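Working notes, structure below.
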Amino acid sequence: MPETKTSRKHIAVLAFPFGTHAAPLLSFVRRISEAASDVKFSFFNTAQSNALLFSNGGEFERVKFHDVESGLPDGYVFNKSHPNEPVEYFLKATPGNFERAMEIVVAETGVEFSCLISDAFIWFAAEMAEKRRVPWIPLWTSASRSLLVHLDTDNLRERLGINGPGEQTLVFFPGFSSIRAMDLPEGTISGPLDEGVPVLLHKVGQILPKAAAVASNSFEEIDLPDVNTLMKSRLPNFLNIGPFTLTSPPPPDSDKYGCLEWLEKREKLSVAYISFGSMIQLPPPELTALAEALEASKTPFLWSFRGNPKEQLPPGFLQRTSAYGKVVPWAPQLKILEHSSVGVFVTHGGWNSILESIIGGVPMICRPFFGDQKLNERTLETVWGIGLGVEGRKFTKDGAIKALEVILCSEQGKIMREKIAVLKQLAFQAVESEGSSTANFKTVMEVITKT
Ligand SMILES: *[C@@H]1O[C@H](CO)[C@@H](O)[C@H](O)[C@H]1NC(C)=O
């Protein structure tokens with residue numbers, strides 16, 4: 001029997017293989033595959049990032065993983081002093097590395113791609129889709145507010161000047177009156193404007209309006225109507241379809257370090273859960289300051305720690321705090337944030353972490369590092385009222401004690417908890433059958449299936 005046209009739908013998926021980018025993209029693809037059983041996917045990503053997705057159980061039917069070249073020179077050794085080097089090498093290898101891998105797949109299967117889905121960072125997929133006369137659907141994996149900044153970079157440069165005063169605020173931008181120049185991602189209006197990632201983000205802002213639809217891992221109701229209106233004026237096909245944590249199957253249950261059992265024995269809303277994501281390590285003086293703050297305030301804590309805690313934490317700290325503290329190399333973050341014992345999340349302010357904290361209803365203390373994290377921190381504190389930044393964006397012992405006290409013991413902390421409970425409810429409503437994210441996902445599916 002000849003294959004029908006629909007059974008030949010074949011989507012190329014182009015990943016950005018750094019940070020926590022590839023996992024939400026795969027989650028998006030899996031959801032599409034569940035909604036349209038006749039679609040096949042070819043997932044293009046570096047071997048290293050593909051391997052990580054596999055080891056986290058990312059494999060499923062109808063998606064085939066293909067490796068693209070990483071662009072790294074032979075024998076390349078990662079150097080902590082140059083964390084962005086692999087990104088720069090990868091960007092230099094694009095788009096040729098993707099083009100070559102895609103040509104091989106088309107030659108082998110005899111089926112052309114009917115649609116391109118990519119991380120929004122892979123801006124050149126716009127041209128690849130245009131050449132093939134198929135739709136392009138990029139996925140933005142962070143908050144809408146940071147995307148607005150990239151869409152309006154030229155405007156911001158003109159209004160605020162390049163390397164102008166950091167304290168000036170974006171009063172002219174609806175919904176951004178409390179945001180300062182210094183809160184914007186580095187390379188937007190200050191810092192290294194001509195490096196790989198800032199140039200990439202500028203391009204993303206210029207090219208996204210060409211997309212058939214732009215999907216995003218967020219939900220409309222988190223933003224004020226003026227931000228959503230501004231967004232629609234810049235990107236009419238912008239579609240919040242998240243939070244993905246609520247729309248994808250839960251990760252396999254794994255609590256090999258007994259975090260949940262430990263939380264069971266704690267008082268309600270008493271514990272500080274600490275994690276700075278899978279990539280960031282606090283600088284040594286800040287590690288010491290945070291540890292000293294926990295010890296001085298006797299705050300119960302659960303710390304998901306990158307590195308070697310025995311070597312990096314103050315001598316004797318683990319022993320002295322063993323009655324009320326637990327340090328583990330890995331933790332089931334969402335489950336922890338949903339546990340009633342957890343009262344505060346100490347975080348770097350990455351978007352996935354913020355969404356999980358909202359789903360858990362836990363206010364945050366944020367110590368941002370790079371990218372959108374400063375903007376997220378400022379937004380948590382001044383727009384949503386669901387968290388605090390640390391003074392000077394660096395942990396000091398006194399600053400950390402003060403922040404823990406505000407969230408765990410004060411009226412202000414209680415108000416934050418109430419506000420985040422409202423956002424939590426809105427997030428759950430958005431993914432219900434009549435919710436905004438569900439409706440937006442249907443629109444994405446229409447774009448995919450009408451081609
Ligand atoms: C890492 O980079 C720093 C700074 O450029 C340099 O001094 C150091 O030698 C490099 N380390 C290695 C192992 O190449």
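Nothing here was measured: the structure is a model prediction, and the numbers come from that model.
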Could you walk me through whether Phe65 and Ser42 pass the side chain to side chain contact (heavy atoms under 4.5 Å, CB included) test, one step at a time? CA-CA 6 Å; Phe65 289 82; Ser42 291; over 6 Å; no

Item checked: Criterion side chain to side chain contact (heavy atoms under 4.5 Å, CB included) on Arg378 and Met182, from CA distance to verdict -> CA-CA 10 Å; Arg378 186 71 177 168; Met182 61 191 281; over 6 Å; no

ring-ring contact (aromatic ring centres under 6.0 Å, His included), that's the test. Do Phe317 and Phe301 meet it? Break it down for me.
CA-CA 13 Å; Phe317 171 80; Phe301 65 90; 5.6 Å; yes

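By the 6.0 Å contact criterion, CD on Gln168 is enclosed, its count of non-hydrogen atoms from other residues, nucleotides or ligands being greater than 12. For Glu158, the CD atom is loosely surrounded, since the number of other residues' heavy atoms within 6.0 Å does not exceed 12. Residue-environment remark: CD (Glu34) exceeds the threshold of 12 foreign heavy atoms within 6.0 Å.
For Asn237 (side chain) and Ala213 (main-chain N/O), no donor-acceptor pair under 3.5 Å exists by modelled atom type.
Applying the side-chain contact (heavy atoms from CB on, under 4.5 Å) rule to Asp67 yields the partners Ala47, Asn50; only residues at least two apart in sequence or on another chain are considered. Listed by chain and residue number, Arg417 satisfy the side-chain contact (heavy atoms from CB on, under 4.5 Å) test with Leu269 (two or more places apart in sequence, or in another chain). Not counting sequence neighbours, the partners of Ser27 by the side-chain contact (heavy atoms from CB on, under 4.5 Å) test are Phe244, Ser248. Under the rule for a salt bridge (Lys or Arg N to Asp or Glu O under 4.0 Å), the partners of Arg367 that lie at least two apart in sequence or sit in another chain are Glu286. Residues satisfying the salt bridge (Lys or Arg N to Asp or Glu O under 4.0 Å) test with Glu99, not counting sequence neighbours, are Lys131, Arg132. With sequence neighbours excluded, the residues satisfying side-chain contact (heavy atoms from CB on, under 4.5 Å) with Ser340 are Lys268.
Among residues at least two apart or in separate chains, there is no salt bridge (charged side-chain N to carboxylate O under 4.0 Å, His left out) pair with a member in residues 134-151. The ring pair (Phe, Tyr, Trp, His ring centres under 6.0 Å) pairs that include a residue from residues 161-189 are Phe173-Phe176, where partners are two or more places apart or lie in different chains. Residue pairs meeting the salt bridge (charged side-chain N to carboxylate O under 4.0 Å, His left out) criterion with at least one member in residues 210-232, sequence neighbours excluded, do not occur. Within the structure, ring pair (Phe, Tyr, Trp, His ring centres under 6.0 Å) pairs that include any residue of residues 15-35 comprise Phe16-Phe18, Phe16-His21, Phe16-Phe121, Phe18-Phe90, His21-Phe121 (at least two apart or interchain). The list of side-chain hydrogen bond (donor to acceptor under 3.5 Å, both in side chains) pairs with a residue in residues 399-415, not counting sequence neighbours, reads Glu391-Lys402. The ring pair (Phe, Tyr, Trp, His ring centres under 6.0 Å) contacts involving residues 368-410 comprise nothing, where partners must be two or more places apart or lie in separate chains.
Note: Trp136 CH2 to Ser118 OG = 5.5 Å, rounded to the nearest 0.5 Å. Rounding to the nearest 0.5 Å places OG of Ser142 at 8.5 Å from CG of Leu355.
A salt bridge between Arg234 and Asp152 is present, with a side-chain N of the basic residue lying under 4.0 Å from a carboxylate O of the acidic one. With respect to Arg393 and Asp183, a salt bridge is recorded, a charged nitrogen being found less than 4.0 Å from a carboxylate O.
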